[in-house]
Peer 1: 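Structure below; questions to follow.
For clarity, every value in this text was computed on a predicted model and none was experimentally measured. Here is the naming used below: chain letters follow the sequence lines, and residue numbers restart at 1 for every chain.
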Number of protein chains: 2
Amino acid sequence: MKSDLAAVNPRKTPRQRRSAVLVEAIYEAGARILETEGLAGLNTNRVATVAGVSVGSLYQYFPSKEAIVAGLLRQSRQDLLDGMRQVLATSEGETFEVIVDRLLGVAARGQFDRPSLARTLEYAEGMLAIDQETRALKTELAEEIANFLAQHGIARPLIAAWDLISLVRGLIDAAGLRGETDAADVQKRARYAVFGYLEKMRVAG
Amino acid sequence: MKSDLAAVNPRKTPRQRRSAVLVEAIYEAGARILETEGLAGLNTNRVATVAGVSVGSLYQYFPSKEAIVAGLLRQSRQDLLDGMRQVLATSEGETFEVIVDRLLGVAARGQFDRPSLARTLEYAEGMLAIDQETRALKTELAEEIANFLAQHGIARPLIAAWDLISLVRGLIDAAGLRGETDAADVQKRARYAVFGYLEKMRVAG
DNA sequence: GTCTATAGGCTGATAGAC
DNA sequence: GTCTATCAGCCTATAGAC
């Protein structure tokens, strides 16, 4: 069962409005539980209760509890990827520094308001059977950034992309968990590390 | 039970050699399970089996499964703190750059050989009822580093210490999980980010 | 001190009523 | 489509034999 990858995806995409509301309620309930109690605290009964639906209804749209977590992870990754692509697509004529800063802003916004959720989802990937499609989003993101870095003369662009993603995530997430609220200040500090890294990576690998 | 803080510490510190071996076997079994299957895969029966002891014996030294995880977390934090303190205590006459690099080396060594374990332990802190003493080790580490940074003219030293710890952890951990094996190369890249951050923090906060 | 056996509780998932 | 009720399995922790 744990290796049955078909069982970790949402069962069906609801086209009825009522169903869409139900799925949305389940996702939000799942997110809140992950935020406050972590992966271990998430079980189908609790999700259903918090969402205000019954377990039976939940199982009509999610074949397993893993599917709820996988869906949340996919959403958050897709949002981040879309945001980054939009920045890169509308960066005609901007300087390298400005673009990097805008990318940083997208990453910071996605991570900083719900750091506990972001951290749990990230951790969940390693522990759950996540579908290939959701996993691929992570790679797509890195490649998108690597491509951008390569165009601006950064050595070993894919490695650099991975490094920057994980470094920024670590810094922002920790700040959020410590209770910092000034997103602009955190972003500024992340910028220090990012540009320091990039300057060195521009000359030598 | 979850809020019973007394239940997350090892039950007694064994002075008999046989007992010490048993406790050590349980810790190593727990570490291996956390590494391969994460927090959810760790249960007392499995730990006991892998350690080659019975559940009954396990419960003589650990009042709960959380106590095993908490013990592992404490060990890893204590090792890191000890390593850092030793570097700082033997850094007479060294340049700032050399000391930072040696600190980085200590952090890298502790994190890079078992990145999956390190990540799971870190995640576990937020989800488990960890005793105050173990939690305090994290603060002690940050303060130790902050004190060092302050002596060398870094602005907002405590914030900077937290940032550097989380940034380095994120970068090294991700590299390890991706399967990178060249620790020196990873450390070099971490150095780029760290010094870039510190240069900017030296002049303005 | 170490074991086996088991109790008691909780969870994932389903069946069947409405 | 949504619900309640329930079963079978797994887990923590303990009791009692040796």
Peer 1: Whole-Å distance between C:dA13 C1' and A:Y59 OH?
Peer 2: 5 Å
Peer 1: Rounded to whole Å, please give me the gap between CG in B:L42 and C1' in D:dC10.
Peer 2: 15 Å
Peer 1: Is a side-chain donor-acceptor pair under 3.5 Å present for B:T90 with B:R102?
Peer 2: yes
Peer 1: Provide, to the nearest angstrom, the distance between the CD1 atom belonging to B:I68 and the C1' atom belonging to D:dC11.
Peer 2: 13 Å
Peer 1: Take atom CZ of B:R46 and atom C1' of D:dA13, then tell me their distance rounded to the nearest Å.
Peer 2: 19 Å
Peer 1: Run B:D131 and B:T134 through side chain to side chain donor-acceptor pair (under 3.5 Å) and show every step you take.
Peer 2: CA-CA 6 Å; B:D131 57 300; B:T134 300; 2.9 Å; yes
Peer 1: Side-chain N or O of B:N43 versus OP1/OP2 of D:dC10: is the shortest distance under 4.0 Å?
Peer 2: no
Peer 1: Determine, for B:R77 against B:D82, whether the closest basic-nitrogen to carboxylate-oxygen distance falls under 4.0 angstrom.
Peer 2: no
Peer 1: NZ of A:K65 versus P of C:dT11: gap in Å, rounded?
Peer 2: 9 Å
Peer 1: Ring centroid separation for A:F148 and A:F96, is it under 6.0 angstrom?
Peer 2: yes
Peer 1: Can you build the contact string for nucleotides 2-7 of chain C? Use B for base contact, S for sugar-phosphate-only contact, and - for no protein heavy atom under 4.0 Å.
Peer 2: BBB---
Peer 1: Does anything in residues 63-86 of chain A form a ring-ring contact (aromatic ring centres under 6.0 Å, His included)? List the pairs, not counting sequence neighbours.
Peer 2: none
Peer 1: Indicate whether the side chain of B:N147 and that of B:E143 have a donor and an acceptor atom separated by less than 3.5 Å.
Peer 2: no
